Amino acid sequence: MDLRTALLQGQKLLEDAKIDAPRLTAEVLLAHAVGRDRAWLFAHCDEELRELWWIHYGRYLHQRIEGTPTQYIVNRQEFFGRDFRVTPDVLIPRPETEHVIEIALRRPAQSILDIGTGSGAIAVTLALEMKARVRATDISIKALRIAAENARRLCAQVEFIACDLASPLDDAIFDLVVSNPPYVPETDSLPREVREHEPAVALYGGADGLDVYRRLIPEARRLLQPGGRLIMELGYRSAEAVQTLLSGWAEVEIETDLAGIPRVISAVLTRSLY
Ligand SMILES: C[S@@+](CC[C@H](N)C(=O)[O-])C[C@H]1O[C@@H](n2cnc3c(N)ncnc32)[C@H](O)[C@@H]1O
């Protein structure tokens, strides 16, 4: 069998199993099985499928049909134009989170903290895009191992700290605090693929999804210098409640994504709050 036929067969299996983007998924999984990228695959679609490739490809298709996200099969996800390693120990970075980066890049910062770094997507990206000292925390040691590996691979200088929010860090040492906290209300029903494969600690934010925001906002107030900024990703339908939690902060702004959904909130720590 040649690679073209293998692709068509994989696509058909994925289609029958009602997997999203079956053609693209088949390409990504076959490229991974062959150990090349998709561009190579297109240039070599007449090549014979070797037995070992077939074994790997079959296993990946099976995993995907059973519900494992493609990113956990190939152990990678692109974020802001760079490849991040991901495993089931970390949340798969989402394209929506790139808005946090875009907003952070609008104003220079010298000392940045990313709370709940996961794969390190935000911290590593900001370290590479800005000339700043970047620190990042997570409560999950396993996540921090992946984040540190990503920083090393991408040559980013980030200091990683295992802790609850930012508990060991001194007061007033940052001019930017960023976070994409766990914000899914515990009663929400997530797609099976997310619920069964992504780490619960990265997803759920208590009964109403706001538990981490309630603790994170006072913590950011402690960590920021006056005039410093807090930028957070927003959970679905959480914008109003999070805005209320930011009462007393200045320049509170909500940014919507391309679909018009409120995605990111930013605020500046005023001297009066300090
Ligand atoms: C929604 S994920 C975000 C991961 C990554 N920043 C991203 O945007 O892809 C939330 C992260 O916060 C971490 N986390 C949850 N509770 C925490 C806490 N109390 N202190 C520090 N990190 C926490 C989780 O382990 C997870 O990595």
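What you are looking at is a predicted structure, and each value in this text was computed from that prediction instead of being measured. Computed from heavy atoms alone, side chains included, the values below leave out hydrogens, waters and symmetry copies. Read the numbers this way: they start at 1 and go in the same order the structure lists the ligands and their atoms.
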Please write down residue, atom name and distance for the protein heavy atom closest to [atom].
{"atom": "atom 10 (C) of ligand 1", "result": "Asn180 O, 3.4 Å"}
{"atom": "atom 1 (C) of ligand 1", "result": "Ala202 O, 3.0 Å"}
{"atom": "atom 24 (C) of ligand 1", "result": "Asp138 OD1, 3.5 Å"}
{"atom": "atom 4 (C) of ligand 1", "result": "Gly116 O, 3.5 Å"}
{"atom": "atom 15 (C) of ligand 1", "result": "Val201 O, 3.3 Å"}

| Heavy-atom donor-acceptor pair, Glu98 side chain to Phe80 backbone, under 3.5 Å |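 Yes, the answer is positive, given that a donor and an acceptor are paired below the 3.5 Å cut-off.
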| task | Please answer whether the main-chain N or O of Ser111 pairs with a side-chain N or O of Arg133 as donor and acceptor at a distance below 3.5 Å. | result | no
| field | Shortest reach to atom 5 (C) of ligand 1 by a heavy atom, considering only Val100, Leu91, Thr117 | value |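 The nearest heavy atom belongs to Thr117.
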| Heavy-atom nearest neighbour of atom 23 (C) of ligand 1 within options Leu144, Ile139, Leu216 | Ile139
If you measure from each heavy atom of [X] to ligand 1, is any distance below 4.0 Å?
{"X": "Cys163", "answer": "yes"}
{"X": "Asp164", "answer": "yes"}
{"X": "Thr97", "answer": "yes"}

| request: Could you tell me whether Leu165 and ligand 1 have an N or O pair separated by under 3.5 Å? | output: yes
| field | Which atom of Ser179 lies closest to which atom of Ile115, heavy atoms considered | value |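 Taking every non-hydrogen atom into account, OG-O, 2.8 Å.
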| note | Residues Leu216 and Met232: closest non-hydrogen pair is CD2-SD, 3.8 Å
| field | Glu27 and Arg23 ion-paired at < 4.0 Å | value | yes
| request: Can you sort out which atoms of ligand 1 are near Gly118, meaning under 4.0 Å from one of its heavy atoms? | output: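 Near Gly118, meaning under 4.0 Å from one of its heavy atoms, ligand 1 has 4 (C), 27 (O).
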| query | Between the side chains of Asp164 and Ser167, does any donor sit under 3.5 Å from an acceptor? | reply | no
| Between Tyr183 and Tyr213, what is the ring plane arrangement, given parallel below 30°, perpendicular above 60°, and tilted in between? |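 The rings of Tyr183 and Tyr213 lie parallel, inter-plane angle below 30°.
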| task | Just let me know how Ser179 lines up against ligand 1, side chain, backbone, both or neither, with a heavy-atom cut-off below 4.0 Å. | result |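 The answer is neither; Ser179 stays 4.0 Å or more away.
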| field | From CA spacing to verdict: side-chain hydrogen bond (donor to acceptor under 3.5 Å, both in side chains), Arg59, His62 | value | CA-CA 5 Å; Arg59 184 159 51 91; His62 178 72; over 6 Å; no
| query | When the ring centroid of Tyr72 is compared with that of His197, is the distance short of 6.0 Å? | reply |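 That pair fails the under 6.0 Å test.
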